[in-house]
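A short worksheet on the structure shown next.
Numbered from 1 within each chain, the chains take letters A, B, ... in sequence-line order.
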Amino acid sequence: MSELKVYNSLSRQKEVFTSLTPGHVGMYVCGPTVSGESHLGHARPYITFDVIFRYLQYLGYKVRYVRNITDAGHFEEEGREAVDKIATKAVLEKLEPMELVQKYTNLFHWAMAQFNTLPPSIEPTATGHIVEQIEMIKKILEAGYAYESNGSVYFDVKKYAAGHDYGKLSGRVIEDLLETTRELEGQQEKRDTADFALWKNAAPEHIMRWQSPWGVGYPGWHIECSAMATKYLGAQFDIHGGGMDLLFPHHESEIAQSTICNHSAPVRYWIHNNMITINGRKMGKSYNNVIKLTELFSGDHPILEKAYHPMTVRFFILQTHYRSTLDFSNEALQASEKGLRRLWDAYENLQKLSREGAPEAGDAELDKKINDLLDEFSTFMNDDFSTAKVLANMFEMVPVINSMKDKLIPVTALSAASIEKLKAGFHTWLEDIFGLRSVSEADNSKLQGVMQLLVDIRKEAKSRKDFVTSDKIRNQLALLGITLKDEKGGEMSWSLAGGE
RNA sequence: GGUUCUGUGGCCGAGUGGCUAGGCAGAGCUCUGCAAAAGCUCCUACACCGGUUCGAAUCCGGUCGGAACCUCCA
């Protein structure tokens, strides 16, 4: 089998993946800020890294997957107002800060469950690691790479850049950063505009506040990830993931902080997913084009023509490479919806196939083709997680599977071993690695029983050529959103339309 | 303005220099009481202009679009 190669943002090329500790992988992914509801944009990184998490486990690694919850507020705009986002919102909604944070954390977990993402191994909160953050800031101060100013602590970027490559990850040029002349209030606390806050003093009205050696305040934007990653994954770990928009300054700053604190670069492989765009524009609060996940699932948004099932969204995301932008549109989502249904129907048909008789393949050519397509799954996935290509291969096998089901091709065309491999391959990749599951909610046993009864009555009616009755059953069910289909050989199948 | 990336058929999207990705939509046929599904077939594109090469969507240069980051951000 080929080796796993991942695109490392740090080197801007694909590298063979090896873990620091054989058999183990440490992976940190920047989690959500729970000051508001998650939107469609959030779906991408968590689904992307869920698949990476699942795939690494499939490869046999024991993975510690750490994804934080940012529940301590960050600046609306650094230095300008020094108002904590969560604190502001809390006043507006008349909620306790922790109440607000809990509400959106719960909602986030709910949405992630809808997407069938596995929970991370550790989900640390920023508020739960104030002590670790303060300790880290102390170390950086002791090392001489930070300075205190008016109750705040800033990282000295210029000093760091003198001996380290600040900008390596994001391709930023330090001289340019230092020359920025942007006028920002509160900037006078900093020695250089490029410096970033490790600790901010809190104004009296600021609700989220903690005691520190520098006075009452709250942690800066970047320090939480460094502190928590160090605590749970060590000074050096394998993978750090997140959206491309976090490359600078967030991840660049993380590298600087951790390097000073731990005397080594923290991360071996930086993996960044690209953005979801809507009408060609990034989705974000500042663009006013946000579709919240609850709206996406309910269809309750002006942009949406209908509700979209979480699995449709998951499939939509997997149909493109994670480093490409993905443009959202109703047309594209509906194409994915139909594609997923077709693929899933074939998958279910496949699992029902039984093969008897001599184990050899009746059609050696077809047998080889299927085996080749299956073998390519790993090849594609090892090539920087090309989920789109794996899915394309699956679609190529769909006509073969459906033809075997309809007996247009005998099941014995493939060897017994190949059929088993096919079944196992689809199951493993579709469910275990890609994390897809049926969009049908038809697993209610009472509904199953009722439907079986209707199917039996319709079969009887049809056998009497009583098409009035048989059509009535099918048409009435259709009005209820249940599709009844006649199959070859007199069998019938049914499904709940849309999967909503 | 700086940095990085990008421009593929009606739409979405893979693409390692030569051999049809795939999905959706559309057309025809087969199957079928009808329908739906399914199967088969068709629809062959790479922003523009140069260059390298026997050969380029793929490499290089330029032009023109678009995006992300440079400020909270998945």
Looking only at the side chain of A:K282 (C-beta and beyond, no hydrogens), which of the listed nucleotides B:C69, B:A74, B:C40 gets closest? B:C69
Rounded to whole angstrom units, what separation is found between the CE atom of A:M283 and the P atom of B:C69? 13 Å
Rounding to the closest angstrom, what is the interatomic distance between B:C48 and B:A57 at atom P? 11 Å
Check whether any side-chain nitrogen or oxygen of A:R342 sits under 4.0 Å from OP1 or OP2 of B:A38, and answer yes or no. yes
Are A:D372 and A:K368 within salt-bridge range, i.e. N to O under 4.0 Å? yes
Would you please confirm or rule out a distance under 4.0 Å between OP1 or OP2 of B:G39 and any side-chain N or O of A:N402? yes
Run the salt-bridge test on A:K389 and A:E376 with the 4.0 Å N-O cut-off and return the result as yes or no. no
Name the nucleic acid region contacted by A:L343, choosing base, sugar-phosphate or nothing; use a 4.0 angstrom heavy-atom cut-off, strictly under. nothing
Give A:D471 one of three labels, base, sugar-phosphate or nothing, depending on what nucleic acid heavy atoms sit under 4.0 Å from its own. base
Over how many whole Å does the gap from A:M244 atom CE to B:A68 atom C1' extend? 8 Å
Provide, to the nearest angstrom, the distance between the CG atom belonging to A:D486 and the C1' atom belonging to B:A36. 8 Å
A:H222 atom NE2 is separated from B:U71 atom C1', nearest whole Å, by 11 Å
Counting side-chain heavy atoms from C-beta on, which of B:C40, B:G33, B:G2 comes nearest to A:P399? B:C40
P-based separation of B:G7 from B:G17 [nearest Å]: 16 Å
Rounded distance in Å between the P positions of B:G1 and B:A27: 47 Å
When rounded to the nearest Å, what value does the distance between C1' atoms of B:G9 and B:G15 take? 15 Å
Given B:G23, B:G33, B:C70, the nucleotide with the shortest approach to the side chain of A:F395: B:G23
Check this for me: does the side-chain of A:D406 come within 3.5 Å of the base of B:C31 through a donor and an acceptor? no
For nucleotides B:U41 and B:C34, find the distance between their P atoms and express it as a whole number of Å. 24 Å
P atom, B:A21 versus B:A47: distance in rounded Å? 15 Å
For A:G171 and for A:L246, find the nucleotide of RNA chain B with the closest heavy atom, then tell me which residue's nucleotide is more 5'. A:G171
With a 3.5 angstrom cut-off on both distances, give the Watson-Crick or G-U wobble partner of B:G1, or none if there isn't one. B:C70
A:K338, nearest nucleotide to its side chain (from B:G39, B:C24, B:A21): B:C24
Separation of atom NZ in A:K472 from atom C1' in B:A35, rounded to whole Å: 18 Å
Can you figure out which of B:A21, B:G23, B:A37 approaches the side chain of A:E396 most closely? B:A21
Below 4.0 angstrom from OP1 or OP2 of B:A74, is there any side-chain N or O of A:R67? no
Closest of B:A21, B:G33, B:C69 to the A:A392 side chain is B:A21
Between NE2 of A:H251 and P of B:U3 the distance, given in whole Å, is 22 Å
Please give the nucleotide sitting opposite B:A47 as a Watson-Crick or G-U wobble pair, both distances under 3.5 Å, or none. B:U63
Complementary nucleotide of B:C40, counting Watson-Crick and G-U pairs under 3.5 Å: B:G28
Of all the nucleotides listed (B:C40, B:G33, B:A36), which has the minimum atom distance to the side chain of A:K485? B:A36
Close N or O pairs between protein and nucleotides 11-16 of chain B (under 3.5 Å):
residue: B:C11; atom: O2'; partner: A:E331; partner atom: OE1; Å: 3.1
residue: B:G13; atom: OP1; partner: A:D327; partner atom: N; Å: 3.0
residue: B:G13; atom: O3'; partner: A:T320; partner atom: OG1; Å: 3.1
residue: B:A14; atom: OP1; partner: A:T320; partner atom: OG1; Å: 2.1
residue: B:A14; atom: OP1; partner: A:H321; partner atom: N; Å: 3.0
residue: B:A14; atom: OP1; partner: A:S324; partner atom: OG; Å: 3.1

For B:A35, does the base pair up with any side-chain atom of A:R474 as donor and acceptor (N or O, under 3.5 Å, distance only)? yes
Taking 5.5 Å and 30° as the limits, would you call A:F467 and the base of B:G33 a stacked pair? yes
